[in-house]
Number of protein chains: 2
Amino acid sequence: MLDPVASTRREELLAIAAALFAEKGYRSTTVRDIADAAGILSGSLYHHFDSKESMLDEILRSFQDELFAAYADVLASDDDARTKLERVVRLSFQAIDQHPAEVAIFQNDAAYLGAFDRFAYLAERADQSRGIWLGLLREGVATGVLRPDIDIDLVHRFIRDTVWVAVRWYRPGGELTHSDVADQYLTILLEGIAHA
Amino acid sequence: MLDPVASTRREELLAIAAALFAEKGYRSTTVRDIADAAGILSGSLYHHFDSKESMLDEILRSFQDELFAAYADVLASDDDARTKLERVVRLSFQAIDQHPAEVAIFQNDAAYLGAFDRFAYLAERADQSRGIWLGLLREGVATGVLRPDIDIDLVHRFIRDTVWVAVRWYRPGGELTHSDVADQYLTILLEGIAHA
DNA sequence: GTCTATATCGCGATAGAC
DNA sequence: GTCTATCGCGATATAGAC
(Lines give C-alpha, C1' and ligand atoms only; values in the text may rest on other atoms or scores of the structure.)
Protein backbone atom coordinates (compact mmCIF):
# COMPACT_ATOMS: atom_id res chain seq x y z
CA MET A 1 0.00 0.00 0.00
CA LEU A 2 2.37 2.69 -1.25
CA ASP A 3 -0.36 5.24 -1.65
CA PRO A 4 -3.28 4.66 0.70
CA VAL A 5 -5.26 7.54 -0.76
CA ALA A 6 -5.34 5.89 -4.15
CA SER A 7 -7.28 2.95 -2.67
CA THR A 8 -9.91 5.06 -0.92
CA ARG A 9 -12.55 4.77 -3.59
CA ARG A 10 -12.01 1.04 -3.80
CA GLU A 11 -12.43 0.61 -0.04
CA GLU A 12 -15.46 2.86 -0.08
CA LEU A 13 -17.08 0.62 -2.67
CA LEU A 14 -16.20 -2.48 -0.68
CA ALA A 15 -17.78 -0.99 2.44
CA ILE A 16 -20.96 -0.21 0.51
CA ALA A 17 -21.02 -3.72 -0.91
CA ALA A 18 -20.39 -5.28 2.50
CA ALA A 19 -23.30 -3.41 4.06
CA LEU A 20 -25.63 -4.56 1.28
CA PHE A 21 -24.39 -8.17 1.37
CA ALA A 22 -24.98 -8.17 5.12
CA GLU A 23 -28.45 -6.67 4.84
CA LYS A 24 -29.88 -8.62 1.92
CA GLY A 25 -27.58 -11.59 1.60
CA TYR A 26 -24.87 -12.01 -1.01
CA ARG A 27 -26.97 -13.73 -3.65
CA SER A 28 -29.86 -11.32 -3.33
CA THR A 29 -27.68 -8.27 -3.64
CA THR A 30 -27.28 -7.27 -7.28
CA VAL A 31 -24.35 -5.41 -8.74
CA ARG A 32 -26.90 -2.77 -9.67
CA ASP A 33 -27.84 -2.44 -5.97
CA ILE A 34 -24.21 -1.81 -5.15
CA ALA A 35 -23.73 0.66 -7.99
CA ASP A 36 -26.94 2.53 -7.07
CA ALA A 37 -25.82 2.86 -3.46
CA ALA A 38 -22.45 4.18 -4.68
CA GLY A 39 -24.10 6.64 -7.06
CA ILE A 40 -22.64 5.11 -10.21
CA LEU A 41 -23.83 2.69 -12.89
CA SER A 42 -23.33 -1.04 -12.65
CA GLY A 43 -20.90 -1.21 -15.54
CA SER A 44 -18.61 1.25 -13.77
CA LEU A 45 -18.06 -1.18 -10.91
CA TYR A 46 -16.12 -3.42 -13.27
CA HIS A 47 -13.45 -0.78 -13.57
CA HIS A 48 -12.61 -1.49 -9.92
CA PHE A 49 -13.36 -5.19 -9.54
CA ASP A 50 -13.34 -8.33 -11.68
CA SER A 51 -16.69 -9.53 -10.45
CA LYS A 52 -19.20 -9.47 -7.62
CA GLU A 53 -17.49 -12.58 -6.26
CA SER A 54 -14.14 -10.79 -6.09
CA MET A 55 -15.68 -8.06 -4.01
CA LEU A 56 -17.01 -10.58 -1.50
CA ASP A 57 -13.71 -12.42 -1.44
CA GLU A 58 -11.78 -9.28 -0.62
CA ILE A 59 -14.26 -8.32 2.12
CA LEU A 60 -14.17 -11.70 3.85
CA ARG A 61 -10.45 -12.34 3.53
CA SER A 62 -9.28 -9.12 5.11
CA PHE A 63 -11.73 -9.52 8.00
CA GLN A 64 -10.77 -13.12 8.71
CA ASP A 65 -7.07 -12.33 8.59
CA GLU A 66 -7.51 -9.57 11.13
CA LEU A 67 -9.69 -11.67 13.43
CA PHE A 68 -7.42 -14.68 13.51
CA ALA A 69 -4.36 -12.55 14.10
CA ALA A 70 -6.13 -11.25 17.22
CA TYR A 71 -6.97 -14.81 18.33
CA ALA A 72 -3.32 -15.76 17.89
CA ASP A 73 -2.25 -12.99 20.27
CA VAL A 74 -4.54 -14.34 23.00
CA LEU A 75 -3.37 -17.92 22.53
CA ALA A 76 0.28 -16.86 22.66
CA SER A 77 -0.20 -15.28 26.08
CA ASP A 78 0.43 -17.21 29.30
CA ASP A 79 -3.02 -16.54 30.77
CA ASP A 80 -4.88 -19.54 32.20
CA ALA A 81 -7.62 -21.29 30.21
CA ARG A 82 -10.50 -19.40 31.78
CA THR A 83 -8.89 -16.03 31.13
CA LYS A 84 -8.09 -16.94 27.54
CA LEU A 85 -11.65 -18.14 27.08
CA GLU A 86 -12.96 -14.85 28.39
CA ARG A 87 -10.59 -12.91 26.15
CA VAL A 88 -11.64 -14.82 23.05
CA VAL A 89 -15.29 -14.16 23.87
CA ARG A 90 -14.60 -10.46 24.36
CA LEU A 91 -12.60 -10.33 21.16
CA SER A 92 -15.51 -11.84 19.26
CA PHE A 93 -18.05 -9.33 20.55
CA GLN A 94 -15.55 -6.61 19.69
CA ALA A 95 -15.36 -7.98 16.14
CA ILE A 96 -19.16 -7.76 15.91
CA ASP A 97 -18.91 -4.16 17.06
CA GLN A 98 -16.20 -3.18 14.60
CA HIS A 99 -17.11 -5.32 11.60
CA PRO A 100 -20.83 -6.07 11.83
CA ALA A 101 -21.29 -6.41 8.07
CA GLU A 102 -18.46 -8.91 7.68
CA VAL A 103 -19.70 -11.00 10.58
CA ALA A 104 -23.26 -10.95 9.27
CA ILE A 105 -22.16 -12.06 5.81
CA PHE A 106 -20.17 -14.88 7.32
CA GLN A 107 -23.12 -15.94 9.49
CA ASN A 108 -25.65 -15.86 6.68
CA ASP A 109 -23.76 -17.00 3.62
CA ALA A 110 -20.76 -19.08 4.72
CA ALA A 111 -22.62 -22.38 4.49
CA TYR A 112 -23.54 -21.68 0.88
CA LEU A 113 -20.18 -20.18 -0.10
CA GLY A 114 -18.21 -23.04 1.41
CA ALA A 115 -19.19 -25.18 -1.57
CA PHE A 116 -17.05 -23.08 -3.92
CA ASP A 117 -13.31 -23.69 -4.27
CA ARG A 118 -12.70 -20.00 -4.13
CA PHE A 119 -14.20 -19.80 -0.64
CA ALA A 120 -12.78 -23.04 0.71
CA TYR A 121 -10.76 -20.98 3.17
CA LEU A 122 -13.98 -20.19 5.04
CA ALA A 123 -14.32 -23.83 6.05
CA GLU A 124 -10.63 -23.93 6.98
CA ARG A 125 -11.07 -20.90 9.21
CA ALA A 126 -14.14 -22.50 10.80
CA ASP A 127 -12.09 -25.61 11.58
CA GLN A 128 -9.29 -23.49 12.97
CA SER A 129 -11.76 -21.64 15.18
CA ARG A 130 -13.23 -24.93 16.39
CA GLY A 131 -9.75 -26.11 17.30
CA ILE A 132 -9.16 -22.99 19.36
CA TRP A 133 -12.40 -23.35 21.31
CA LEU A 134 -12.10 -27.08 21.91
CA GLY A 135 -8.52 -26.65 23.09
CA LEU A 136 -9.47 -23.96 25.58
CA LEU A 137 -12.49 -25.92 26.86
CA ARG A 138 -10.42 -29.10 27.29
CA GLU A 139 -7.71 -27.20 29.10
CA GLY A 140 -10.36 -25.60 31.30
CA VAL A 141 -11.79 -28.96 32.31
CA ALA A 142 -8.33 -30.48 32.81
CA THR A 143 -7.20 -27.65 35.10
CA GLY A 144 -10.44 -27.77 37.06
CA VAL A 145 -11.79 -24.32 36.22
CA LEU A 146 -14.67 -25.77 34.17
CA ARG A 147 -17.22 -28.42 35.18
CA PRO A 148 -16.11 -31.94 34.28
CA ASP A 149 -19.63 -33.10 33.33
CA ILE A 150 -20.13 -30.89 30.27
CA ASP A 151 -20.17 -32.09 26.66
CA ILE A 152 -17.25 -30.15 25.18
CA ASP A 153 -18.50 -30.35 21.61
CA LEU A 154 -21.96 -29.16 22.52
CA VAL A 155 -20.63 -26.33 24.67
CA HIS A 156 -18.44 -25.25 21.78
CA ARG A 157 -21.42 -25.06 19.43
CA PHE A 158 -23.47 -23.13 21.97
CA ILE A 159 -20.71 -20.61 22.58
CA ARG A 160 -19.91 -20.17 18.90
CA ASP A 161 -23.53 -19.78 17.88
CA THR A 162 -24.58 -17.49 20.70
CA VAL A 163 -21.62 -15.19 20.30
CA TRP A 164 -21.83 -14.73 16.55
CA VAL A 165 -25.60 -14.68 16.24
CA ALA A 166 -25.56 -11.55 18.39
CA VAL A 167 -24.73 -9.70 15.19
CA ARG A 168 -28.44 -9.93 14.39
CA TRP A 169 -29.47 -7.60 17.18
CA TYR A 170 -26.33 -5.84 18.43
CA ARG A 171 -26.06 -2.25 17.16
CA PRO A 172 -22.71 -0.47 17.34
CA GLY A 173 -23.10 2.87 19.08
CA GLY A 174 -26.29 1.73 20.80
CA GLU A 175 -27.10 1.66 24.50
CA LEU A 176 -25.13 -1.52 25.20
CA THR A 177 -21.42 -1.58 24.38
CA HIS A 178 -19.79 -4.75 23.12
CA SER A 179 -18.06 -4.92 26.45
CA ASP A 180 -21.40 -4.81 28.33
CA VAL A 181 -22.72 -7.61 26.20
CA ALA A 182 -19.58 -9.67 26.76
CA ASP A 183 -19.83 -9.16 30.55
CA GLN A 184 -23.42 -10.36 30.71
CA TYR A 185 -22.76 -13.22 28.35
CA LEU A 186 -19.76 -14.48 30.30
CA THR A 187 -21.79 -14.33 33.51
CA ILE A 188 -24.55 -16.43 32.00
CA LEU A 189 -22.14 -18.85 30.37
CA LEU A 190 -19.92 -19.35 33.40
CA GLU A 191 -22.37 -19.07 36.28
CA GLY A 192 -25.84 -19.66 34.80
CA ILE A 193 -29.05 -17.77 35.38
CA ALA A 194 -30.48 -19.90 38.21
CA HIS A 195 -30.48 -18.34 41.66
CA ALA A 196 -27.91 -20.03 43.86
CA MET B 1 -59.87 -31.51 4.99
CA LEU B 2 -62.66 -33.80 3.83
CA ASP B 3 -60.39 -36.05 1.83
CA PRO B 4 -56.83 -36.11 3.19
CA VAL B 5 -55.65 -38.38 0.38
CA ALA B 6 -56.49 -35.75 -2.21
CA SER B 7 -54.03 -33.34 -0.60
CA THR B 8 -51.13 -35.79 -0.45
CA ARG B 9 -49.43 -34.61 -3.62
CA ARG B 10 -49.77 -31.03 -2.52
CA GLU B 11 -48.18 -31.74 0.86
CA GLU B 12 -45.46 -33.76 -0.83
CA LEU B 13 -44.58 -30.79 -3.00
CA LEU B 14 -44.60 -28.47 -0.01
CA ALA B 15 -42.22 -30.77 1.86
CA ILE B 16 -39.87 -30.80 -1.12
CA ALA B 17 -40.02 -27.03 -1.37
CA ALA B 18 -39.47 -26.59 2.37
CA ALA B 19 -36.32 -28.74 2.28
CA LEU B 20 -34.92 -26.71 -0.60
CA PHE B 21 -35.86 -23.35 0.92
CA ALA B 22 -34.10 -24.46 4.12
CA GLU B 23 -31.00 -25.64 2.31
CA LYS B 24 -30.45 -22.86 -0.20
CA GLY B 25 -32.55 -20.03 1.16
CA TYR B 26 -35.92 -18.95 -0.21
CA ARG B 27 -34.66 -16.44 -2.74
CA SER B 28 -31.96 -18.69 -4.10
CA THR B 29 -34.30 -21.62 -4.59
CA THR B 30 -35.89 -21.50 -8.03
CA VAL B 31 -39.25 -22.99 -8.97
CA ARG B 32 -37.28 -25.11 -11.40
CA ASP B 33 -35.24 -26.47 -8.47
CA ILE B 34 -38.47 -27.48 -6.76
CA ALA B 35 -39.97 -28.98 -9.90
CA ASP B 36 -36.75 -30.91 -10.64
CA ALA B 37 -36.70 -32.36 -7.13
CA ALA B 38 -40.35 -33.38 -7.55
CA GLY B 39 -39.68 -34.93 -10.96
CA ILE B 40 -41.96 -32.57 -12.90
CA LEU B 41 -41.51 -29.42 -14.97
CA SER B 42 -41.67 -25.96 -13.50
CA GLY B 43 -44.89 -25.01 -15.27
CA SER B 44 -46.66 -27.97 -13.68
CA LEU B 45 -46.13 -26.55 -10.20
CA TYR B 46 -48.54 -23.75 -11.04
CA HIS B 47 -51.36 -26.27 -11.26
CA HIS B 48 -50.95 -26.76 -7.49
CA PHE B 49 -49.89 -23.33 -6.27
CA ASP B 50 -50.39 -19.69 -7.24
CA SER B 51 -46.76 -18.77 -6.84
CA LYS B 52 -43.50 -19.60 -5.12
CA GLU B 53 -44.52 -17.12 -2.43
CA SER B 54 -47.76 -19.00 -1.74
CA MET B 55 -45.80 -22.18 -1.17
CA LEU B 56 -43.61 -20.47 1.41
CA ASP B 57 -46.61 -18.87 3.07
CA GLU B 58 -48.36 -22.20 3.49
CA ILE B 59 -45.20 -23.83 4.88
CA LEU B 60 -44.54 -21.13 7.47
CA ARG B 61 -48.13 -20.59 8.57
CA SER B 62 -48.90 -24.20 9.41
CA PHE B 63 -45.66 -24.57 11.34
CA GLN B 64 -46.14 -21.39 13.36
CA ASP B 65 -49.72 -22.29 14.21
CA GLU B 66 -48.64 -25.68 15.52
CA LEU B 67 -45.74 -24.27 17.53
CA PHE B 68 -47.69 -21.52 19.24
CA ALA B 69 -50.51 -23.89 20.10
CA ALA B 70 -47.91 -25.98 21.95
CA TYR B 71 -46.58 -22.89 23.74
CA ALA B 72 -50.12 -22.02 24.82
CA ASP B 73 -50.51 -25.43 26.46
CA VAL B 74 -47.42 -24.86 28.58
CA LEU B 75 -48.47 -21.37 29.60
CA ALA B 76 -51.93 -22.58 30.57
CA SER B 77 -50.47 -25.11 33.02
CA ASP B 78 -49.93 -24.28 36.69
CA ASP B 79 -46.25 -25.17 36.71
CA ASP B 80 -43.87 -22.66 38.29
CA ALA B 81 -41.81 -20.27 36.16
CA ARG B 82 -38.67 -22.40 36.08
CA THR B 83 -40.59 -25.48 34.99
CA LYS B 84 -42.45 -23.57 32.30
CA LEU B 85 -39.16 -22.13 31.11
CA GLU B 86 -37.68 -25.59 30.87
CA ARG B 87 -40.74 -26.88 29.04
CA VAL B 88 -40.64 -24.06 26.50
CA VAL B 89 -36.94 -24.77 25.86
CA ARG B 90 -37.65 -28.49 25.43
CA LEU B 91 -40.58 -27.74 23.14
CA SER B 92 -38.34 -25.60 20.97
CA PHE B 93 -35.67 -28.25 20.55
CA GLN B 94 -38.45 -30.70 19.76
CA ALA B 95 -39.68 -28.35 17.04
CA ILE B 96 -36.18 -28.30 15.55
CA ASP B 97 -36.25 -32.09 15.60
CA GLN B 98 -39.64 -32.41 13.96
CA HIS B 99 -39.64 -29.43 11.61
CA PRO B 100 -36.01 -28.62 10.85
CA ALA B 101 -36.76 -27.15 7.43
CA GLU B 102 -39.41 -24.77 8.72
CA VAL B 103 -37.19 -23.60 11.57
CA ALA B 104 -34.24 -23.10 9.22
CA ILE B 105 -36.32 -21.05 6.79
CA PHE B 106 -37.55 -18.89 9.62
CA GLN B 107 -34.02 -18.42 10.94
CA ASN B 108 -32.53 -17.54 7.59
CA ASP B 109 -35.22 -15.62 5.79
CA ALA B 110 -37.58 -14.10 8.35
CA ALA B 111 -35.70 -10.80 8.53
CA TYR B 112 -36.02 -10.35 4.80
CA LEU B 113 -39.60 -11.61 4.52
CA GLY B 114 -40.83 -9.42 7.37
CA ALA B 115 -40.71 -6.45 5.01
CA PHE B 116 -43.61 -7.83 2.96
CA ASP B 117 -47.22 -7.30 4.02
CA ARG B 118 -47.97 -10.89 3.24
CA PHE B 119 -45.46 -12.07 5.85
CA ALA B 120 -46.19 -9.45 8.48
CA TYR B 121 -47.46 -12.24 10.73
CA LEU B 122 -43.87 -13.41 11.14
CA ALA B 123 -43.02 -10.24 13.05
CA GLU B 124 -46.21 -10.59 15.09
CA ARG B 125 -45.26 -14.13 16.05
CA ALA B 126 -41.76 -12.96 16.98
CA ASP B 127 -43.29 -10.31 19.27
CA GLN B 128 -45.61 -12.89 20.78
CA SER B 129 -42.69 -15.20 21.43
CA ARG B 130 -40.72 -12.37 23.02
CA GLY B 131 -43.65 -11.69 25.31
CA ILE B 132 -43.74 -15.30 26.42
CA TRP B 133 -40.03 -15.40 27.25
CA LEU B 134 -39.92 -12.04 29.00
CA GLY B 135 -42.96 -12.99 31.08
CA LEU B 136 -41.39 -16.24 32.21
CA LEU B 137 -38.04 -14.62 32.97
CA ARG B 138 -39.67 -11.82 34.98
CA GLU B 139 -41.76 -14.30 36.91
CA GLY B 140 -38.64 -16.35 37.55
CA VAL B 141 -36.78 -13.39 38.99
CA ALA B 142 -39.81 -12.27 41.02
CA THR B 143 -40.28 -15.69 42.58
CA GLY B 144 -36.59 -16.03 43.34
CA VAL B 145 -35.77 -19.00 41.12
CA LEU B 146 -33.64 -16.85 38.80
CA ARG B 147 -30.76 -14.51 39.67
CA PRO B 148 -31.90 -10.94 40.28
CA ASP B 149 -28.83 -9.37 38.64
CA ILE B 150 -29.45 -10.52 35.07
CA ASP B 151 -30.51 -8.30 32.17
CA ILE B 152 -33.86 -9.85 31.21
CA ASP B 153 -33.81 -8.53 27.65
CA LEU B 154 -30.31 -9.75 27.02
CA VAL B 155 -31.01 -13.17 28.52
CA HIS B 156 -34.06 -13.43 26.30
CA ARG B 157 -32.00 -12.78 23.18
CA PHE B 158 -29.35 -15.26 24.24
CA ILE B 159 -31.91 -17.99 24.90
CA ARG B 160 -33.86 -17.34 21.72
CA ASP B 161 -30.77 -17.23 19.53
CA THR B 162 -29.00 -20.21 21.04
CA VAL B 163 -32.05 -22.42 20.95
CA TRP B 164 -33.08 -21.73 17.36
CA VAL B 165 -29.62 -21.50 15.86
CA ALA B 166 -29.13 -25.14 16.87
CA VAL B 167 -31.04 -25.98 13.70
CA ARG B 168 -27.77 -25.34 11.88
CA TRP B 169 -26.03 -28.35 13.35
CA TYR B 170 -28.70 -30.55 14.95
CA ARG B 171 -29.54 -33.59 12.82
CA PRO B 172 -32.77 -35.50 13.52
CA GLY B 173 -32.01 -39.19 13.97
CA GLY B 174 -28.38 -38.47 14.82
CA GLU B 175 -26.42 -39.47 17.91
CA LEU B 176 -27.88 -36.73 20.12
CA THR B 177 -31.66 -36.63 20.59
CA HIS B 178 -33.43 -33.30 20.92
CA SER B 179 -34.00 -34.22 24.54
CA ASP B 180 -30.23 -34.73 25.12
CA VAL B 181 -29.53 -31.35 23.62
CA ALA B 182 -32.21 -29.72 25.76
CA ASP B 183 -30.79 -31.34 28.91
CA GLN B 184 -27.28 -30.06 28.26
CA TYR B 185 -28.50 -26.65 27.21
CA LEU B 186 -30.65 -26.19 30.30
CA THR B 187 -27.72 -27.21 32.49
CA ILE B 188 -25.47 -24.61 30.87
CA LEU B 189 -28.14 -21.94 30.91
CA LEU B 190 -29.25 -22.48 34.49
CA GLU B 191 -26.02 -23.50 36.20
CA GLY B 192 -23.18 -22.31 33.94
CA ILE B 193 -20.05 -24.11 32.85
CA ALA B 194 -17.69 -22.86 35.57
CA HIS B 195 -16.64 -25.38 38.21
CA ALA B 196 -18.31 -24.57 41.52
C1' DG C 1 -51.85 -33.52 -13.49
C1' DT C 2 -48.22 -32.80 -16.52
C1' DC C 3 -46.51 -31.27 -20.86
C1' DT C 4 -44.74 -27.77 -24.64
C1' DA C 5 -43.78 -23.34 -25.61
C1' DT C 6 -43.14 -18.79 -24.54
C1' DA C 7 -43.71 -13.95 -22.52
C1' DT C 8 -41.38 -10.70 -19.69
C1' DC C 9 -38.17 -9.36 -16.70
C1' DG C 10 -33.79 -8.61 -14.21
C1' DC C 11 -29.36 -10.72 -13.59
C1' DG C 12 -23.82 -10.53 -14.16
C1' DA C 13 -20.76 -9.02 -17.27
C1' DT C 14 -18.51 -6.70 -21.52
C1' DA C 15 -16.98 -3.13 -25.24
C1' DG C 16 -15.91 1.10 -26.36
C1' DA C 17 -16.99 6.31 -26.09
C1' DC C 18 -15.98 10.27 -23.24
C1' DG D 1 -13.49 6.77 -13.54
C1' DT D 2 -17.91 6.80 -15.32
C1' DC D 3 -21.01 6.56 -19.13
C1' DT D 4 -24.01 4.28 -23.01
C1' DA D 5 -25.52 0.27 -24.87
C1' DT D 6 -26.07 -4.39 -25.03
C1' DC D 7 -25.25 -9.56 -24.82
C1' DG D 8 -26.65 -14.07 -23.08
C1' DC D 9 -28.76 -16.28 -19.54
C1' DG D 10 -31.98 -17.86 -16.19
C1' DA D 11 -35.71 -16.21 -13.30
C1' DT D 12 -41.18 -16.36 -12.37
C1' DA D 13 -45.16 -17.05 -14.45
C1' DT D 14 -48.77 -18.02 -18.22
C1' DA D 15 -51.64 -20.35 -22.13
C1' DG D 16 -53.25 -24.06 -24.09
C1' DA D 17 -52.45 -29.06 -25.78
C1' DC D 18 -52.64 -33.79 -24.13
Side-chain angles (χ1 to χ4, degrees), chain A residues 1-60 105 108-109 112-113 115-119, chain B residues 1-60 105 108-109 112-113 115-119:
Chain A
M1 210 69 83
L2 290 176
D3 183 358
V5 177
S7 66
T8 297
R9 181 59 171 157
R10 185 184 178 79
E11 279 162 22
E12 206 175 293
L13 292 171
L14 283 178
I16 290 168
L20 287 169
F21 290 159
E23 186 195 325
K24 308 160 59 106
Y26 171 69
R27 284 163 291 178
S28 302
T29 302
T30 71
V31 297
R32 285 177 173 88
D33 287 337
I34 301 168
D36 282 355
I40 58 176
L41 292 189
S42 64
S44 306
L45 271 181
Y46 290 83
H47 173 72
H48 303 276
F49 306 97
D50 278 356
S51 65
K52 177 179 153 184
E53 210 176 274
S54 296
M55 299 187 78
L56 178 62
D57 193 34
E58 210 165 316
I59 290 164
L60 291 178
I105 296 166
N108 298 328
D109 293 316
Y112 159 75
L113 295 169
F116 300 97
D117 286 349
R118 176 161 199 180
F119 293 102
Chain B
M1 210 69 84
L2 290 176
D3 183 358
V5 177
S7 67
T8 296
R9 180 59 169 157
R10 188 183 177 79
E11 282 163 20
E12 206 176 295
L13 292 171
L14 284 178
I16 290 168
L20 287 169
F21 289 159
E23 187 195 324
K24 308 160 59 106
Y26 170 70
R27 285 163 289 179
S28 303
T29 302
T30 70
V31 297
R32 288 203 256 266
D33 287 337
I34 301 169
D36 283 355
I40 59 177
L41 292 190
S42 65
S44 306
L45 270 182
Y46 290 83
H47 172 73
H48 302 276
F49 305 97
D50 277 357
S51 65
K52 177 178 150 183
E53 211 176 272
S54 296
M55 299 187 76
L56 179 63
D57 194 33
E58 210 165 316
I59 290 163
L60 291 178
I105 296 166
N108 298 329
D109 294 315
Y112 159 74
L113 294 169
F116 299 97
D117 286 349
R118 176 162 198 178
F119 293 103

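Quick note on labels: first sequence line is chain A, next is B, and so on, each numbered from 1. Keep in mind that the numbers below use all heavy atoms, side chains included, and drop hydrogens, waters and symmetry copies.
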Heavy-atom nearest nucleotide on DNA chain C taken for Glu53(A) and for Ile40(B); more 5' hit belongs to Ile40(B)

inquiry  = Mind checking if Thr29(B) touches a base, just sugar-phosphate, or nothing, with heavy atoms under 4.0 Å?
reply    = sugar-phosphate

Just call it for Ser54(B): base, sugar-phosphate, or nothing, with non-hydrogen atoms closer than 4.0 Å on any strand.
-> nothing

Here the pair of heavy atoms bringing Leu14(B) nearest to Ile59(B) is O-CD1, 3.6 Å

Could you state the atom-to-atom distance from [atom1] of [X] to [atom2] of [N] in whole Å?
{"X": "Glu12(B)", "N": "dT2(C)", "atom1": "CD", "atom2": "P", "result": "9 Å"}
{"X": "Lys52(A)", "N": "dT14(C)", "atom1": "NZ", "atom2": "C1'", "result": "17 Å"}
{"X": "Arg27(A)", "N": "dG12(C)", "atom1": "CZ", "atom2": "P", "result": "13 Å"}
{"X": "Asp50(B)", "N": "dA15(D)", "atom1": "CG", "atom2": "P", "result": "13 Å"}
{"X": "Asp33(B)", "N": "dA13(D)", "atom1": "CG", "atom2": "P", "result": "14 Å"}
{"X": "Phe49(A)", "N": "dG12(C)", "atom1": "CZ", "atom2": "P", "result": "15 Å"}
{"X": "Tyr26(B)", "N": "dA11(D)", "atom1": "OH", "atom2": "P", "result": "14 Å"}
{"X": "Leu41(A)", "N": "dA5(D)", "atom1": "CG", "atom2": "P", "result": "11 Å"}

Inset, instruction - Please answer whether the main-chain N or O of Tyr112(B) pairs with a side-chain N or O of Lys24(A) as donor and acceptor at a distance below 3.5 Å. - result: no

Review point. Backbone N or O of Thr30(A) within a donor-acceptor pair of the Asp33(A) side chain at under 3.5 Å?
Key: yes

Establish, with yes or no, whether the OP1 or OP2 oxygen of [N] is under 4.0 angstrom from a side-chain nitrogen or oxygen of [X].
{"X": "Arg9(A)", "N": "dT2(D)", "answer": "yes"}
{"X": "Ser44(A)", "N": "dC3(D)", "answer": "yes"}
{"X": "Tyr46(A)", "N": "dA13(C)", "answer": "yes"}
{"X": "His47(B)", "N": "dC3(C)", "answer": "no"}

In this structure, CD1 of Ile34(B) is separated from CZ of Phe21(B) (nearest 0.5 Å) by 4.0 Å

Value for CG (Leu13(A)) from CZ (Phe49(A)), rounded to nearest 0.5 Å, stands at 5.0 Å

**Message:** Quiz question: going by heavy-atom distance under 3.5 Å, is there a donor-acceptor pair between the base of dG12(C) and the side chain of Arg32(A)?
**Reply:** yes

